[in-house]
There are 2 protein chains.
Amino acid sequence: MSKSEQTRQRVADVALRMFREVGFEKTTMRAIASEAGVSVGNAYYYFASKDELVQELYRQVQDEHAALAEKALTEQSAAGRTDLASRLKATLHTGLDVMAPYHRFGADFIATAIRPTSAVNPFSSDSAEAREASLAIFKKTVEGAKPQAPKKLRSDLPELLWLGYMGITLFWVYDTSEGQRRTRRLVDGAAPLMARGLQLARIPGVGKIIDEVLDLSRSVRK
Amino acid sequence: MSKSEQTRQRVADVALRMFREVGFEKTTMRAIASEAGVSVGNAYYYFASKDELVQELYRQVQDEHAALAEKALTEQSAAGRTDLASRLKATLHTGLDVMAPYHRFGADFIATAIRPTSAVNPFSSDSAEAREASLAIFKKTVEGAKPQAPKKLRSDLPELLWLGYMGITLFWVYDTSEGQRRTRRLVDGAAPLMARGLQLARIPGVGKIIDEVLDLSRSVRK
DNA sequence: CCTCCTTTTTGAACGTGTTCAGAACTGAGT
DNA sequence: ACTCAGTTCTGAACACGTTCAAAAAGGAGG
């Protein structure tokens, strides 16, 4: 590893550790630089802004989620539990597991991420790669499920679930209950309800409405 | 009006005008103070932070929404249009109308509002009053509708619709289409779908699931 | 070893939101 | 008129994220 890469890595490591330990706002660029043994300007040579350090954090959280979810899904399959509700629970709970150390400061990260101009914004094109990776987890969750979801929903489902996951994350940020158990309960309750709700798509009257909802959702996404 | 009140008002007026004209980030406290003819410290004597000025903005937007929605709903009723879909459209569209001048900077406001520590956060206790006022608009929207919504949903409906409105607002912030017409289309499409969707609650199989969704939503709100 | 270009590093400086010690003003009581 | 407590106002100062001109280090070719 070149000296340049080492410096970059050291800055990133220090930043992420400090984010975890003292939070986003209290971690100043000066503190990061000093702790990493470089000047402020040098930290900026590698990361154009504090936001870019958050981006680094997201990447790491996401990689970890992908690995943990994959592992949990595989174990469940081996044990014969292949229903969508169980798989969804596994994916959502592992997501919460990975984010847990950052809960105290989650709000700051969300505030950063939500700006359309932010590179970390989950809907922006800058983070397309990260979003695809996250979507892939939900694709895997849905595709490996038996019985499969109703055909008409299958293709849109991962994206809708991912959107739901964003909502759950928002809920989690505001969840001050101990260990965020209310969010855990939400996941445990919502996963089976969603799985069962999907079956309703087979009832004629419901199916028609769902078609229209999907049409609208597609047209509005352009 | 006392001199103190005058100063406070002048600061607020200048701030809101500048927010509208040049945006949240570009409106500095120094500029507000200078434009209002007071010192920076004096502006802080009346508003503890820049966020509190945003709170002032929210209050104003909300009052305007309440008035416009009320007017639109009354006119519709007079013309004999009392179905929920039409009423919902009126409420949502007037909301978008009121926010329109701020669209360019909406993202900054959202980023400010989303911090749990922010006084402007729509879920925080600090903004309970504002939230109640907003909820009241949706209560009126639902209650004045004929035919009425299914009984089991009636009490939770305003809160759920309000939540949906938050989602639509988020969508609107990210909507860069001209005049935010995609958001308008979303409202036009979603309002009738929601109204028709509610009727499905009367189908036995669907009703049971809805009961459980409501139970979960209540238990998780604690 | 020297030259010359690129990459890396420095730290002072800028503009920001916010704080605070104290100055200026106000008005009620004497 | 004078006092004095409370209210209103001031502007310098602080810490922050970020920028930038210039210094230092590295490295390729002679």
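Bear in mind that the values here come from a model prediction, so they are computed numbers and not experimental data. Residue numbering restarts at 1 for every chain, and letters A, B, ... go by the order of the sequence lines.
- A donor atom on one side chain and an acceptor atom on the other are not found under 3.5 Å apart for B:Asn42 and B:Ser39.
- Relative ring orientation between B:Tyr165 and B:Phe138 is described as tilted, the plane-to-plane angle lying within the 30° to 60° band.
- A perpendicular orientation is assigned to the rings of A:Phe109 and A:Tyr102, their planes being inclined by more than 60° (bins at 30° and 60°).
- Looking at residues 23-32 of chain A, you'll see A:Thr27, A:Thr28, A:Met29, A:Arg30 sit with a heavy atom under 4.0 Å from some atom of DNA chain D.
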Take A:Leu53 and A:Thr27 through the test side-chain contact (heavy atoms from CB on, under 4.5 Å) and record every step on the way to the result.
CA-CA 11 Å; A:Leu53 284 164; A:Thr27 300; over 6 Å; no
Polar-atom pairs under 3.5 Å, protein N or O versus N or O of nucleotides 5-12 of chain C: list them with distances, or write none.
residue : atom : partner : partner atom : Å
C:dT8   : OP1  : A:Ser4  : OG           : 2.9
C:dT8   : OP2  : A:Tyr45 : OH           : 2.7
C:dT9   : OP1  : A:Thr7  : OG1          : 3.4
C:dT9   : OP2  : A:Asn42 : OD1          : 3.2
C:dT9   : OP2  : A:Asn42 : ND2          : 3.3
C:dT9   : OP2  : A:Tyr46 : OH           : 2.7
C:dT9   : O5'  : A:Asn42 : ND2          : 3.0
C:dT10  : OP2  : A:Ser39 : N            : 2.7
C:dT10  : OP2  : A:Ser39 : OG           : 3.2

May I have the step-by-step check of salt bridge (Lys or Arg N to Asp or Glu O under 4.0 Å) for A:Glu159 and A:Arg218, ending in yes or no?
CA-CA 11 Å; A:Glu159 210 152 354; A:Arg218 286 189 197 109; over 6 Å; no
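- Counting 5' to 3', DNA chain D first comes under 4.0 angstrom of a heavy atom of chain A and last does so at the ends given by D:dC16 to D:dC20.
- Residues A:Val54 and A:Lys50 fail the side-chain proximity criterion, which asks for heavy atoms closer than 4.5 Å.
- Atom NZ of B:Lys26 sits in a sparse spot, with 12 or fewer heavy atoms from other residues, nucleotides or ligands closer than 6.0 Å.
- Within the 4.5 Å cutoff, the side chain of A:His93 has heavy atoms near those of the A:Asp188 side chain.
- Rounding to the nearest 0.5 angstrom, the gap separating the CD atom in A:Glu75 from the CZ atom in A:Arg81 is 11.5 Å.
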Kindly determine whether A:Ser217 and A:Arg221 satisfy side chain to side chain donor-acceptor pair (under 3.5 Å), including the steps that lead there.
CA-CA 6 Å; A:Ser217 132; A:Arg221 276 182 280 173; 2.9 Å; yes
